[in-house]
Chemist: 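Attaching a single structure in structure tokens format; questions to follow.
If you're wondering where the values come from, they're calculated on a predicted model, not measured in any experiment.
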Amino acid sequence: MTISIAHLGPPGTYAEQVTAFYANWLAKKTGNQAMLCPYSSISQSLQAVASGETQLAVVPVENSIEGSVTMTMDTLWQLDSLRVQLALVMPIAHALISCASSLDTIQTVYSHPQALAQCQGWLAQFLPNVQLVASNSTTESLQRLDGDLTAAAIASSRAAELYKLPILASNINDYPDNCTRFWVVSQWVEDLVKISGSASYTSLAFSVPANLPGTLLKPLQVFAGLGINLSRIESRPTKRSLGEYLFFIDLEADVQEEQMRCALAKLTEHTEILKIFGSYKILPITIGS
């Protein structure tokens with residue numbers, strides 16, 4: 001059986017690297033081979049699963065420097081049929097890739113907005129006057145370098161090797177312990193990655209009925225009262241009206257546990273819309289594995 005997996009492309013992105021790791025892990029666990037399917041945006045990757053074009057998607061959800069990947073969060077809220085099956089955490093090491101002979105000749109740096117933000121301190125120190133231009137992915141930015149000795153891109157050293165481009169500076173992210181958490185996402189009817197074992201985290205989101213004192217406190221008290229720990233909480237605009245928010249929460253519990261079942265039943269009393277993205281375990285990986 002061949003399993004199709006959507007990811008942010010083209011080849012050489014961090015998402016493609018994580019997806020390749022997951023494909024190898026899945027093959028060892030199940031014997032199923034995977035076909036990697038690059039898409040030009042995170043939203044398109046998730047839409048591909050929702051529409052049945054692919055069976056899975058691997059998308060970034062949170063970076064240790066820049067926080068949540070809002071496109072992933074917003075798209076998951078919009079697509080009701082998708083569920084998180086597994087989390088993959090990978091160290092991220094950025095490189096400055098360019099055909100220029102030195103930093104002095106660089107006038108423009110291209111990369112994905114997340115990569116530019118993760119290297120903003122280094123860029124301010126060594127390239128304070130360059131123009132920063134956002135691209136759809138780190139790898140897409142490499143296409144801008146052909147024949148331009150004044151341009152550089154931020155991407156992985158693996159991407160530089162893949163596209164046979166020179167690295168001008170390595171490990172330029174502002175913090176050495178730079179990691180990104182990715183989610184493996186499938187349609188709710190799929191059960192392809194339950195082989196990962198028992199879940200230790202649950203992710204969900206909800207909107208509240210009205211912007212009144214205590215409206216957010218009441219849902220949070222449900223978890224506190226049942227002894228369920230929150231590992232992350234973040235708000236996103238509902239896009240309906242200024243000042244209205246959705247709340248995304250990660251919990252250290254499996255949705256199948258009795259405490260979580262009780263919590264979710266009580267949560268419906270205090271929320272307008274409640275969406276369970278899924279329960280999963282976290283699998284740490286290393287670059288090059």
Side-chain angles (χ1 to χ4, degrees), residues 5-25 36 38-46 49 56-76 82 84-97 110-123 134-142 153-160 162 170-185 193 196 200-201 203 231-234 236 248 250 277-278 280-289:
I5 310 176
H7 65 84
L8 178 64
T13 62
Y14 294 102
E16 187 253 358
Q17 188 171 352
V18 172
T19 305
F21 170 90
Y22 173 71
N24 291 333
W25 180 86
L36 274 60
Y39 286 83
S40 59
S41 73
I42 294 169
S43 178
Q44 288 180 9
S45 299
L46 292 169
V49 182
L56 298 170
V58 176
V59 293
V61 65
E62 184 182 18
N63 176 261
S64 59
I65 297 176
E66 281 302 299
S68 297
V69 180
T70 56
M71 183 178 289
T72 298
M73 296 166 64
D74 291 346
T75 306
L76 278 175
L82 300 187
V84 180
Q85 305 283 5
L86 182 68
L88 303 163
V89 176
M90 186 181 80
I92 303 294
H94 294 303
L96 187 74
I97 301 167
Y110 301 95
S111 196
H112 188 274
Q114 278 274 337
L116 291 172
Q118 291 164 27
C119 302
Q120 57 186 311
W122 189 93
L123 290 168
S135 57
N136 287 332
S137 70
T138 52
T139 303
E140 182 187 278
S141 63
L142 299 179
I154 295 175
S156 67
S157 57
R158 175 176 172 270
L162 186 65
S170 299
N171 298 318
I172 67 170
N173 31 279
D174 295 335
Y175 298 91
D177 296 329
N178 183 21
C179 295
T180 295
R181 177 163 55 110
F182 293 80
W183 276 345
V184 178
V185 178
V193 290
S196 59
S200 51
Y201 290 86
S203 292
S231 59
R232 182 178 70 117
I233 180 170
E234 187 164 348
R236 291 289 298 151
F248 290 76
D250 290 348
F277 296 134
Y280 52 89
K281 71 176 295 184
I282 296 178
L283 181 65
I285 66 175
T286 56
I287 293 177
S289 61

Chemist: To check you understand the geometry: which heavy-atom pair defines the closest contact between Asn63 and Gln114, and what is its length?
Modeler: CB-OE1, 3.7 Å
Chemist: Checking the side chain of Tyr201 only, and the main-chain atoms of Leu86 only, is there a donor and an acceptor separated by less than 3.5 Å?
Modeler: no
Chemist: Any chance you could measure Met71, atom CE, to Leu76, atom CG, to the nearest 0.5 Å?
Modeler: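 Result: 12.0 Å between the selected atoms.
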Chemist: Kindly give the heavy-atom pair with the smallest separation between Ile42 and Leu8, and that separation in Å.
Modeler: N-CD1, 4.1 Å
Chemist: Parallel, tilted or perpendicular: which fits the ring planes of Trp183 and Phe277, with parallel below 30° and perpendicular above 60°?
Modeler: tilted
Chemist: Quick one: does Asn173's side chain have a donor or acceptor within less than 3.5 Å of a partner on His94's backbone?
Modeler: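 Indeed, once roles are kept as given, a pair shorter than 3.5 Å links the two residues.
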Chemist: Do you know which two heavy atoms are closest between Ser111 and Ile154, and how far apart they sit?
Modeler: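 So the two residues come closest at OG-O, 2.6 Å.
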Chemist: When you measure from the side chain of Ser45 to the backbone of Ala6, do you find a donor-acceptor pair of N or O atoms at a distance under 3.5 Å?
Modeler: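 Side chain of Ser45 to backbone of Ala6, a donor-acceptor pair under 3.5 Å: no, none is there.
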Chemist: To the closest 0.5 Å, what do you measure between CE (Met90) and CZ (Phe21)?
Modeler: 10.5 Å
Chemist: Donor-acceptor check, side chain of Ser64 to backbone of Cys179, threshold 3.5 angstrom: yes or no?
Modeler: yes
Chemist: At what distance, to the nearest 0.5 angstrom, does CG of Asn24 lie from OG1 of Thr19?
Modeler: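 OG1 of Thr19 is found 11.0 Å from CG of Asn24.
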Chemist: Within this structure, what is the CD-NE2 distance for the pair Gln17 and His7, rounded to the nearest 0.5 Å?
Modeler: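 So the gap between those two atoms works out to 11.5 Å.
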Chemist: Looking at every non-hydrogen atom in both residues, tell me the closest pair between Ile5 and Ala23 and how far apart they are.
Modeler: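 In this case the closest contact between Ile5 and Ala23 is CD1-CB, 4.5 Å.
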Chemist: When you measure from the side chain of Thr139 to the backbone of Thr13, do you find a donor-acceptor pair of N or O atoms at a distance under 3.5 Å?
Modeler: yes
Chemist: If I take atom SG from residue Cys119 and atom CD1 from residue Ile172, how far apart are they, to the nearest 0.5 angstrom?
Modeler: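 It comes to 4.0 Å.
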Chemist: Can you tell me if Asp174 uses its side chain to pair, donor with acceptor, with the backbone of Gly121 under 3.5 Å?
Modeler: yes
Chemist: Let me confirm one number: the OH-CD distance from Tyr110 to Glu140, rounded to the nearest 0.5 Å.
Modeler: 11.5 Å
Chemist: Taking side chain as C-beta onward, heavy atoms only, is Val58 less than 4.5 Å from Val184?
Modeler: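 Side chain of Val58 against side chain of Val184, heavy atoms only: contact under 4.5 Å found.
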Chemist: Are any of the side-chain heavy atoms of Tyr22 and Leu88 separated by less than 4.5 Å?
Modeler: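 Yes; the side chains approach each other to less than 4.5 Å.
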Chemist: Can you see which heavy atom on Gly12 is nearest to which on Ser156, and at what distance?
Modeler: O-OG, 3.6 Å
Chemist: Which atoms form the tightest heavy-atom contact between Leu96 and Trp122, and what is the distance?
Modeler: CD2-CH2, 3.8 Å
Chemist: Among Arg232, Arg236, Arg181, Glu62, exactly one meets side chain to side chain donor-acceptor pair (under 3.5 Å) together with Ser68. Which residue is that?
Modeler: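 With Ser68 as partner, side chain to side chain donor-acceptor pair (under 3.5 Å) holds for just one option, Arg232.
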Chemist: With a 4.5 Å heavy-atom cut-off, do Leu46 and Leu82 have their side chains touching?
Modeler: yes
